[in-house]
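What follows is one structure encoded as structure tokens, with my remarks underneath.
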2 protein chains.
Amino acid sequence: MTESTSTKPISVWLVEDNRHFSEAIECIFESEDGINLKESFRSAEAVLKALAKKTPPQVIILDLGLPGMSGIEAIPEILQHAPKCHVLVLTTDDGRSKVLAAIANGAAGYLLKGDDLDAIVSGIRDVVDGRAAINSRVSRMILDIFRKIPKPPPEAKLTSRESEILCLLADGKIKKEVADQLGISYYTVDTHVKRIYKKLQVNNLSGAIARMTQSGGE
Amino acid sequence: MTESTSTKPISVWLVEDNRHFSEAIECIFESEDGINLKESFRSAEAVLKALAKKTPPQVIILDLGLPGMSGIEAIPEILQHAPKCHVLVLTTDDGRSKVLAAIANGAAGYLLKGDDLDAIVSGIRDVVDGRAAINSRVSRMILDIFRKIPKPPPEAKLTSRESEILCLLADGKIKKEVADQLGISYYTVDTHVKRIYKKLQVNNLSGAIARMTQSGGE
DNA sequence: TGAGCCATCCCGAGAAAACGGGATGTCGCT
DNA sequence: AGCGACATCCCGTTTTCTCGGGATGGCTCA
């Protein structure tokens, strides 16, 4: 669990438009044995261009508030060119939408500029070891969001048969097709669907599917 | 951001059936100024009983692999009796279902027994300060799950009007109702829906709603 | 052995949706 | 002035759903 201290140094690129901050980071990393800061960029465009020519680093530390192309947009581009590279977001903005977008786009970590510098260093190790480096405040936000997603699973226990049928219907199939596919009568499907409506307290397929995909979507 | 070092000590309860581990923890906490380990329990039942009588601590460190009632089940019970208490899960099991269940049930943190003891101590501070304390491996898992949810956002650009209508339909409303609510004709709604089907490449509402809720669900 | 739950099948009337047209007007851009 | 995207409205036919019944057999549990 603590094996990365004395292995070969981790290659890192930095993308940060703020001169002061990037210099501070560069300075810190120089006195860190395990970190080898190889390049430093001021924009997403610059790092993407470099990615096309040079061999990618293990970690790219990415600011989000960049001029031109935003860091958020850059993440998928980076990962497309260098799928094995770990993108570690390091920014000031801990807004919900930014966090979510970064994660959705493939960020392996999300740290804040207010974090301790050791946290950043150990975050780098985390991401190369396949773990996530998330600021604890951001973690909390993610957890809160997480909790809200599978929120309303009150009483809506469908039979396995019923959810099977609802699934097929959600694929856009019509009852007749479902019946054929399951080798049962149209009427049976219809009856199942009626019961689904009762249980889910809806009165048409649309409502049922909406309920289903928003609660027991898995 | 680093204000909790010299404030009043944090009151903590420990729930852990493994004697060795709980003694180790107790030992560590004794030499920690900021932590005041007040009680130690061997089961979920025991801590729940205590919660009914004594004033709850700020943090409850909870093992999941308990005899009798599992830690997972205990979390909601604890929070019901002590809503302001922070439950910090500390266990060996980093299985996906356990993690998700713990979070869904309201855990403020999820650390592993393999973590550094300082990580546990700082995790306690994190949770009382409203942040999350998540092991980085577990974070990674959560992120991976997160990414899978809003996965397929390919090309399905609906007009704002179109998605508005689709939303209403997803609530189970019928076209007539949508028309009334928007103050437009039934025919207009019908036309919009037709175009939605074309764009989404489906041929009924069910498919459209499924697509919508699974991609641009927000 | 009866009660409950589940899955299955059946019918018919009326409501709603799907679909393939055709049509008008606005707005912004060129 | 024209083009394209968008929103609006209209009609008729065919298809599908919705929902009110009713009915059977299997299974489990008390």
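Just so it is clear: chains get the letters A, B, ... in the order the sequence lines come, proteins before strands, and each one is counted from 1.
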Next on the checklist: Measuring to OP1 and OP2 of D/dA5, would you say a side-chain N or O of B/Thr159 lies under 4.0 angstrom away?
Outcome noted: no
To the nearest Å, how far apart are [X] [atom1] and [N] [atom2]?
X: B/Asn204; N: D/dT18; atom1: CG; atom2: P; result: 10 Å
X: B/Lys198; N: D/dC6; atom1: NZ; atom2: P; result: 16 Å
X: A/His192; N: D/dC19; atom1: NE2; atom2: P; result: 17 Å
X: A/Lys194; N: D/dC17; atom1: NZ; atom2: P; result: 13 Å
X: B/Lys199; N: D/dA7; atom1: NZ; atom2: C1'; result: 11 Å
X: B/Tyr197; N: C/dA16; atom1: OH; atom2: P; result: 15 Å

Next on the checklist: I need the minimum non-hydrogen distance between A/Trp13 and A/Thr55, along with the two atoms involved.
Outcome noted: CZ2-O, 3.8 Å
Checklist entry - On DNA chain C, nearest-nucleotide positions of B/Arg195 versus B/Asn203: which is more 5'? => result B/Asn203
Item to check | Residues touching DNA chain D, which here means a heavy atom under 4.0 Å, drawn from residues 182-191 of chain B | outcome: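 DNA chain D contact set from residues 182-191 of chain B: B/Ile184, B/Ser185, B/Tyr187, B/Thr188, B/Thr191.
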Next on the checklist: Just to be sure I understand the geometry, which residues of residues 161-177 of chain A put a non-hydrogen atom under 4.0 Å away from DNA chain D?
Outcome noted: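 Those residues whose heavy atoms fall under 4.0 Å from DNA chain D, taken from residues 161-177 of chain A in numerical order, are A/Ile174, A/Lys175.
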Checklist entry - Do the side chain of A/Ser185 and the main chain of A/Tyr187 share a donor and acceptor less than 3.5 angstrom apart? => result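 Indeed, once roles are kept as given, a pair shorter than 3.5 Å links the two residues.
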Item to check | Main-chain N/O of B/Ser139 paired with B/Tyr110 side-chain donor or acceptor, under 3.5 Å | outcome: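 Pair absent, no side-chain N/O of B/Tyr110 close to backbone of B/Ser139.
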Checklist entry - Where do B/Lys98 and B/Asp94 land on the salt bridge (Lys or Arg N to Asp or Glu O under 4.0 Å) test, with the steps shown first? => result CA-CA 7 Å; B/Lys98 284 289 186 349; B/Asp94 64 347; over 6 Å; no
About how many Å separate [atom2] of [Y] and [atom1] of [X], when rounded to the nearest 0.5 Å?
X: A/Met212; Y: B/Ser206; atom1: CE; atom2: OG; answer: 11.5 Å
X: B/Leu117; Y: B/Leu111; atom1: CG; atom2: CG; answer: 11.0 Å
X: A/Met69; Y: A/Ile75; atom1: CE; atom2: CD1; answer: 11.5 Å

Item to check | Evaluation steps, salt bridge (Lys or Arg N to Asp or Glu O under 4.0 Å), between B/Lys194 and B/Asp190 | outcome: CA-CA 6 Å; B/Lys194 281 183 223 172; B/Asp190 190 70; 3.7 Å; yes
Checklist entry - Among B/Ile196, B/Val178, B/Ile174, whose side-chain contact (heavy atoms from CB on, under 4.5 Å) with B/Leu169 holds? => result B/Val178
